[in-house]
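Notes follow the structure.
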Amino acid sequence: MKRMKKLFALLMTLAMVMGLSITGFATENTNTDGIKVYGVEAENGVTVTAYQIIRYDTSGKYVPVIDGTITADNQGNLTPTVSDVLGLSTKLDELTTSQVLSLVIPTEEGADPYYTYEPAEGEDNLAPGTWMIIVTGSNDYIYNPAIISINQTADGVKYGELNLDTDSWGTGVWMKKSEPTIEKTALTPDVKGVQYGDIIQFQIKTRIPSYASNKTDITYTIKDSLDGLALVVDGDHPVVATLGGESDTTLTNFVKAAFTNKASNVTVAITGDDYIKSHGNKEIVITYYAEVTEDAKYTVNELTNDATLTYSKGTGTETASKTDDTKHYTFGIDTTFSGATQVTDKTGEFIKIDANGNVSYTEKPGEVTVAGGQALNGAVFELHVGSATGTLFEDASGATRFTTNEDGRLEIVGLDSDVDYYLVEVQAPTGYSINNTPVKVRVNATYDDEGNLTNYSVTIGEGDGAATTNYNYSYENGKTTVAEEVGNPYGFKNTTLSALPSTGGMGTTLFTIAGCVIMISAAGLFFAIRKKAN
């Protein structure tokens, strides 16, 4: 009898099976109200079924419904493990004793709805033993199996249930459900603003749902669309994939087949029903590299990269999808407004002018007037990163030198925010002397909590001579507008070449005068001697 009581106590346990969790045990529960299954979302077509996996036989012993499917300890006590339950969830056709549970909506205010077994008149309640709870038919969630033990005592039937919501044993079991998601992040720090040529490391995380054993033709596809980026796949920039935190050869083969150097789209199709079902609830992590490459022509180029997970729903042949993205921005000076309807609508932060010129904005955003002088075209500049002698900036077209146009503007796109750049003139306009004083350029940007650009400023020059233009940016329509408080643009001046430059010392004038005196003296001496001779 003591052995029977021990068996009864063990069978009062309830393990909520989820992922890689371990079997839980409970003290004896005195609930006699029947099972209550909570946590199943209200959806059309959802079915909650209890399958008996341990039965109470006529000799007073508890035995597996299917021989060899339940683990026993050294004393022969049945102790169902996670592996046991997951294995049984694939053998529903062999579990001949099952009952569909009914939804109950309590009348008490605030009470949660639940599923229970309500026998018809003249029928018995669920038989003593252990029952596995399976939820099918959900279109939005994948439910993990749960178990409930029913103990046969001298006082009647008693139920044991684990409430994961409170981590306590009580009268209700909460089903653990998972909703497939996908998460894309940039592992490289500080890449809200980026520069052409930057290489960024990305990470995609998703989790395989726990599909029912009879689910077939499962779709599970990860797609990544790169906007303004191209994959970098080489020895220094490998693609790495893990499943459940470990390397998996099958997953690695799926991923390697999808990632191609310089490609801008990736589709990782994970196939094989048995493979997918055997790895239910395991996390997939993929890391890779991509380079900023797009040739933008706007003040702000928004690079939005979407990662999309497409997966089979719990029942039927329909699929659902989840999406996540990362946002990165490049900036420009003296270039077209983002969202402008005409390419002539340009900003004007830096204007090349002569020594007599002065620049200012008009009432029209981006329109610049030059008073007292003129704008100069043909000036050639280089842009250095970090310092006046730092690395040369190279745009998406491969250019490292930039020339002012007839309006004196210098269009450069693909700049990062919060980075110091320096403009250095390397060739002056015809008829003007070169001004090789470095001019500092900096873009300061503000982003919201979701990484969306909200506003930014372009500052050219330093100290009292600096000029700042403030801009607002709408990430909803990709449009840039000038803020209300705007100073004047930066006017970079050149002086004209009025005469040949002196090379130092006494110069050529004295030598010219001396030469002329000598020539005149020689001529006079020549004529005097000739006259005397005559």
Side-chain angles (χ1 to χ4, degrees), residues 184-204 223-240 258-266 286-308 324-339 347 382-386 390-402 410-423 441-448 450-454 456 458 471 473 475 478 480:
K184 180 176 180 181
T185 55
L187 297 183
T188 303
D190 192 25
V191 287
K192 292 178 181 177
V194 292
Q195 175 183 294
Y196 284 133
D198 285 350
I199 295 179
I200 308 170
Q201 186 180 28
F202 292 98
Q203 181 183 81
I204 293 176
K223 184 175 181 181
D224 196 7
S225 299
L226 307 177
D227 175 25
L229 295 163
L231 293 176
V232 179
V233 183
D234 55 33
D236 295 328
H237 305 91
V239 180
V240 179
F259 280 79
T260 304
N261 192 43
K262 296 190 180 299
S264 59
N265 287 283
V266 177
I286 303 172
T287 58
Y288 66 93
Y289 296 85
E291 182 178 11
V292 181
T293 60
E294 187 174 351
D295 185 11
K297 294 296 181 185
Y298 300 96
T299 55
V300 176
N301 183 37
E302 181 179 299
L303 313 180
T304 303
N305 310 291
D306 297 324
T308 302
D324 194 21
D325 59 35
T326 62
K327 295 183 178 68
H328 315 278
Y329 299 86
T330 64
F331 301 88
I333 60 174
D334 290 354
T335 187
T336 306
F337 276 89
S338 301
T347 63
E382 291 179 343
L383 186 68
H384 295 261
V385 183
T391 304
L392 280 179
F393 169 75
E394 180 178 336
D395 70 7
S397 66
T400 58
R401 291 192 167 190
F402 308 94
L410 188 71
E411 183 176 71
I412 305 177
V413 291
L415 304 182
D416 195 350
S417 60
D418 305 313
V419 171
D420 292 335
Y421 296 94
Y422 289 84
L423 277 169
V441 177
R442 185 177 175 89
V443 178
N444 293 307
T446 302
Y447 307 89
D448 63 19
E450 296 180 357
N452 298 305
L453 177 69
T454 56
Y456 71 99
V458 178
Y471 296 97
Y473 182 77
Y475 59 85
T480 301

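Since we're looking at a predicted model, the values are computed, not measured. Here, residue 1 is the first one in the sequence, and each next residue gets the next number.
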With sequence neighbours left out, the residues meeting side-chain hydrogen bond (donor to acceptor under 3.5 Å, both in side chains) with T446 are N455
If you measure from the Lys or Arg side-chain nitrogens to the Asp or Glu carboxylate oxygens, is any gap between D324 and K184 under 4.0 Å? no
Validation row: D416, D198 side chains within 4.5 angstrom (heavy atoms): yes
Residues passing the side-chain hydrogen bond (donor to acceptor under 3.5 Å, both in side chains) test with D227, sequence neighbours excluded, are none
Note, R442 side chain near D418 side chain (heavy atom, < 4.5 Å): yes
Could you walk me through whether N261 and D234 pass side chain to side chain contact (heavy atoms under 4.5 Å, CB included), step by step? CA-CA 8 Å; N261 192 43; D234 55 33; 5.5 Å; no
Would you call the rings of Y471 and Y456 parallel, tilted or perpendicular, where under 30° means parallel and over 60° means perpendicular? parallel
What pair of heavy atoms forms the shortest contact from A186 to V191, and how long is it? CB-CG2, 3.6 Å
Among T188, L187, N305, whose side-chain contact (heavy atoms from CB on, under 4.5 Å) with I200 holds? T188
Any side-chain heavy-atom pair from D224 and N265 closer than 4.5 angstrom? no
Tell me every residue that passes ring-ring contact (aromatic ring centres under 6.0 Å, His included) with Y289, counting only those two or more places apart in sequence or in another chain. H237
Closest approach of I204 to A307 (non-hydrogen atoms, all atoms of both residues): CD1-CB, 4.2 Å
Could you tell me whether K223 atom NZ has more than 12 heavy atoms of other residues or ligands within 6.0 Å of it? no
Answer with yes or no whether the side chains of T293 and E291 bring together a donor and an acceptor at under 3.5 Å. no
Quick check: do L226 and D306 have side-chain heavy atoms less than 4.5 Å from each other? no
Just wondering, do I286 and V240 contact through their side chains at under 4.5 Å, heavy atoms? no
Less than 4.5 Å apart, side chain to side chain, heavy atoms only: is that true for I412 and L423? yes
Hey, are Q195 and Y421 close enough side-chain-wise for a donor-acceptor pair under 3.5 Å? yes
With sequence neighbours excluded, what pairs up with E411 under the side-chain hydrogen bond (donor to acceptor under 3.5 Å, both in side chains) test? T335, K346
Nearest 0.5 Å please: distance from the CG atom of D420 over to the NE2 atom of H384. 14.0 Å
Can you confirm whether Y447 sits close enough to Y329 that some side-chain heavy atom of one is under 4.5 Å from a side-chain heavy atom of the other? yes
Residue list, salt bridge (Lys or Arg N to Asp or Glu O under 4.0 Å) with D325, at least two apart or on another chain: K327
Please report the interatomic distance OG(S264) to CG(L229), rounded to the nearest 0.5 Å. 9.5 Å
Checking side-chain contact (heavy atoms from CB on, under 4.5 Å) between Y473 and each of N452, V300, T454, which is the one that passes? V300
Ring centroid separation for Y288 and F259, is it under 6.0 angstrom? yes
Straight-line distance of T480 OG1 to F331 CZ, nearest 0.5 Å: 9.0 Å
Which of V194, L415, V443, V413 passes side-chain contact (heavy atoms from CB on, under 4.5 Å) with T330? Answer is V194
Report yes or no: do Y196 and E294 form a side-chain donor-acceptor pair below 3.5 Å? no
With no hydrogens and no angle check, just 3.5 Å: does a side-chain donor-acceptor pair link T299 and S338? yes
Within a strict 4.5 Å, meaning less than it, do heavy atoms of the Y422 and V441 side chains meet? no
Side-chain donor-acceptor pairs under 3.5 Å in residues 391-398, sequence neighbours left out?
unit_1, atom_1, unit_2, atom_2, d
D395, OD1, S397, N, 3.0
D395, OD1, S397, OG, 2.7
D395, OD1, G398, N, 3.1
D395, OD1, A399, N, 2.9
D395, OD2, S397, OG, 3.3

